[in-house]
Amino acid sequence: MPEIPKIHPAWLPDAALAPVGSRTVSVPTGHHLLDTLADELRRATALHGGSLVDHGGQVRFRLQEGAAEEGFSVDVAPGTVTVTAAEPVGLLYGYFHLLRSGEELFTAEGTAAHRPHAGIRMLNHWDNIQPHPVMGTVERGYAGDSLFFSDGNVRGDLGRVDDYARLLASIGINAISINNVNVHHREALLLTELLPDVARVAECFRRWGITLHLSVNFSSPMLLGGMDTCDPADEGVQQWWREAADRVYALIPDFGGFVVKADSEGQPGPFAYGRDHADGANALARAVAPHGGVVHWRAFVYNHRQDWRDRTTDRARAAFDHFTPLDGRFDDNVIVQVKHGPIDFQPREPISPLFAAMPNTRLAVELQITQEYTGQQRHVCYLGEMWEQILGFRLGTGGWTVAKLADGGVVGVSNVGTDEFWTGHPLAQANLYAFGRQAWDPTLTARKLAWEWGDLTFPGSPEVARGVVDVLGGSWETYEKYTAPLGVGFMVEPGHHYGPSVDGYEYSPWGTYHFADRDGVGVDRSVATGTGFAGQYPEPLRSRYESSESCPDELLLFFHHVDYGHHLRSGTTVIQHIYDTHFEGVREVERLRAAWAEVSRQAVRAGIAEDFFSRVAMLLDEQERGAVTWRDQVNSYFFRKSGIADAEGRFIH
Ligand code: GCV
């Protein structure tokens, strides 16, 4: 059995470099990204018997004015493939395109142009420098420790960061923030004392065309500057931010900008001074504007000290209520970053109505790659399928998709850490892969991306790739089946959010209720009788969500409180749907395990190292245990609340 390298190469094993590495290749010089590309080509050709030549060759990279920013075109003629781009980064992206296209590309003559859909394709890390007593070094991290920080400092050895940056460049990521949006005291120092270390990290990413951003604490002028205010209207505060930005750019000339979580879950913000979020965001944006930087200002602002008895306050309404009055007031270099759903990354939520309501603001869509609410990288849950629906969802005037409305880019919360497979669950690599590729081109289907990822990860073993793709396919819906039903969300253990607790958040201040009683379940968010949230959508969505008759089944309990006997559009009742899907979800996990056993046998036959497969098998044991627990807790809860028996007479505790 060949030995697995200590760190798994993810989707770039050496064998995946063969399509380019086995040929004669030429590349221009004169830019640091071209040096990176040349290094990469040297490595590929050394491995696969090709060579790097000064001119010509079978694969030619060339720069030529006129192509789209960051884009590239590929021209295939008999015996040669030419990649042309206006910018060096386009050639780098073109190289990775050749790898994922494989040998087939070399036989299909013609020219094709490629360009990214979103200008900013970003990852947010929620990494802490000082391990948080509850969250550890990565908040909501399920893949080991931080790649950047250790022992209260930036790591001395950043070798792994370089490998990480290469993986990210290969899927088109061009921006990264390295620290948690909850910026504690030690992390605030990244802006000052620890800045030289940040510059070292920025250098790793620069080599791969990725700009570094920092999450900053809104009260930094007080925390770091000793001031007695952080009022964004205060001239001294504005001056402090300008000087802070100048210091950053002096060391990191291509610094991307700031990410800010303000007035959210205890983080400081402009409300304390009677200012709004446009005032706050613009003060910071003006500090980075002269240097070409941006501010990602998060719209995740809500009251987390709610009284569950108060049915008028609705967390789902909050982002829209706070931000839509500010449309048009944000500076051009502010990007308002909006979570895809109105609450918080649940397995199923409607699209945030904010995307259709701020035509004069740059918006970014925020997705959660780390599986906080989708199995914490212990369950297989292929999120590419969820994101395909989100990015392609039409809600704007003229039916614009979320991908188009989010003209400020696509941001994902990273799922990576020091784990040898990068992502804890080896199959969660596919989520990171799909995220980057969908940010580049949101029309790519999740299925196609699973194949791309499988083919790259297991080159030359199509049977293994097929088996893995089949296991990924449908896994998000399987997860949804055995967890919270019909869009209700949040039936998780408080705090760590793993595993079921139907009433875990029911009487807490976080605003995440399901209001189950003896007669029914769900939150009435209609305009007629509920919180009015449905009214935040443009037509025809508003009417569709307003009525329990037309509301899609998968979102019914998000928008309506209905009796257990209510008939879904599918024909079954709410209570029977709960029972059926929970039994079905567990059966699907059992099938996943059997399928994985078969893929593992094929992998052994193909001589592929076992570690990947045994890790997944071990996690599938846990997934099955978890699914059974979810099924039993949810089914028992609703059986006892409703007193309605399962029509199939299956055992419910
Ligand atoms: C970084 C959720 C998570 C928090 C996270 C927050 C956010 O509430 O549970 O860990 O904080 O979202 O997105 O800011």
Side-chain angles (χ1 to χ4, degrees), residues 2 4-5 7-20 96-105 166-168 170-172 369 371 375 377 379-388 415-416 419-441 443-479 588 591-617 619-620 623:
I4 191 166
I7 302 301
H8 187 261
W11 52 85
L12 289 180
D14 287 346
L17 314 187
V20 178
F96 289 116
H97 173 82
L98 297 189
L99 299 189
R100 52 178 177 263
S101 306
E103 279 301 324
E104 252 176 55
L105 177 125
R166 173 174 177 255
L167 285 173
L168 298 188
S170 77
I171 52 172
I369 315 172
Q371 292 174 238
Q377 277 133 264
H379 296 218
V380 189
C381 185
Y382 179 41
L383 296 170
E385 296 179 344
M386 183 202 282
W387 303 330
E388 179 183 335
N415 64 346
V416 162
D419 171 61
E420 66 177 291
F421 292 100
W422 298 93
T423 49
H425 201 304
L427 295 181
Q429 289 178 5
N431 287 336
L432 180 59
Y433 185 88
F435 170 80
R437 298 283 293 128
Q438 285 174 327
W440 177 281
D441 179 357
T443 66
L444 290 167
T445 66
R447 176 104 186 142
K448 174 176 166 31
L449 294 176
W451 265 112
E452 269 186 16
W453 175 77
D455 281 340
L456 281 166
T457 305
F458 306 106
S461 304
E463 284 309 308
V464 175
R466 172 184 299 279
V468 174
V469 169
D470 285 347
V471 163
L472 290 172
S475 56
W476 163 48
E477 287 188 348
T478 295
Y479 186 81
E588 285 176 13
R591 281 202 292 273
L592 275 186
R593 281 187 62 182
W596 193 255
E598 182 49 35
V599 184
S600 305
R601 279 192 286 275
Q602 276 157 357
V604 170
R605 281 198 290 275
I608 302 175
E610 268 172 25
D611 309 41
F612 190 100
F613 297 88
S614 52
R615 171 81 73 94
V616 174
L619 289 165
L620 279 166
Q623 182 168 359

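- Shortest non-hydrogen contact noted between A606 and S461 is CB-OG, 3.8 Å.
- I171 and L432 make their closest contact through CD1-O, 3.4 Å (heavy atoms, listed as atom of the first residue, atom of the second, distance).
- Across S170 and R100, no two heavy atoms sit closer than the pair O-NH1, 3.0 Å.
- Between R593 and W596, the closest side-chain pair of non-hydrogen atoms is not below 4.5 Å.
- Salt-bridge annotation for E420 and R615: present, with a side-chain N of the basic residue lying under 4.0 Å from a carboxylate O of the acidic one.
- Aromatic ring orientation, F458 versus F613: tilted (interplanar angle from 30° to 60°).
- Between Y382 and L449, the closest side-chain pair of non-hydrogen atoms falls below 4.5 Å.
- Taking all atoms of both residues into account, the shortest heavy-atom contact from V471 to A595 is CG2-CB, 4.0 Å.
- Remark: E103 CD is packed, more than 12 non-hydrogen atoms of other residues, nucleotides or ligands lying under 6.0 Å away.
- Looking only at side-chain heavy atoms (C-beta outward), W453 and V468 come within less than 4.5 Å of each other.
- One side chain, Q429 or H8, offers a donor N or O that lies under 3.5 Å from an acceptor on the other.
- Between Y433 and W11, the ring planes are perpendicular. Angles over 60° get that label, and only those under 30° would be called parallel.
- The two residues L619 and P426 have their closest heavy-atom pair at CD1-CD, 4.1 Å.
- Remark: side-chain polar atoms of S614 are paired, donor with acceptor, to backbone N or O of D611 under 3.5 angstrom.
- The pair R447-D470 meets the salt-bridge criterion, with a side-chain N (NZ, NE, NH1 or NH2) lying under 4.0 Å from an Asp/Glu carboxylate O.
- Side-chain contact between T478 and R591 is absent, with no heavy atoms from C-beta onward closer than 4.5 Å.
- Judged by distance alone, the side chain of D419 and the main-chain N or O of H425 form no donor-acceptor pair under 3.5 Å.
- Rounding to the nearest 0.5 Å gives a distance of 5.0 Å between CG of N415 and CD of Q377.
- Annotation: side chain of L98 is not in contact with side chain of P19 (no heavy-atom distance under 4.5 Å).
- To the nearest 0.5 Å, atom CG of residue L620 and atom NE2 of residue H379 are 9.5 Å apart.
- Across every non-hydrogen atom of A434 and G384, the tightest pair is CB-CA, 4.1 Å.
- Of the inter-residue distances, the one linking T423 atom OG1 with I369 atom CD1 reads 11.0 Å to the nearest 0.5 angstrom.
- Once rounded to the nearest 0.5 Å, the distance linking CZ of R166 with CG of L12 reads 4.5 Å.
- For the atom pair CG of D455 and CZ of R466, the computed distance is 10.0 Å after rounding to the nearest 0.5 Å.
- E385 places no side-chain N or O within 3.5 Å of a backbone atom of A446 that could act as its donor or acceptor partner.
- Separating the CZ atom in F612 from the OG1 atom in T457 is a distance of 6.5 Å, to the nearest 0.5 Å.
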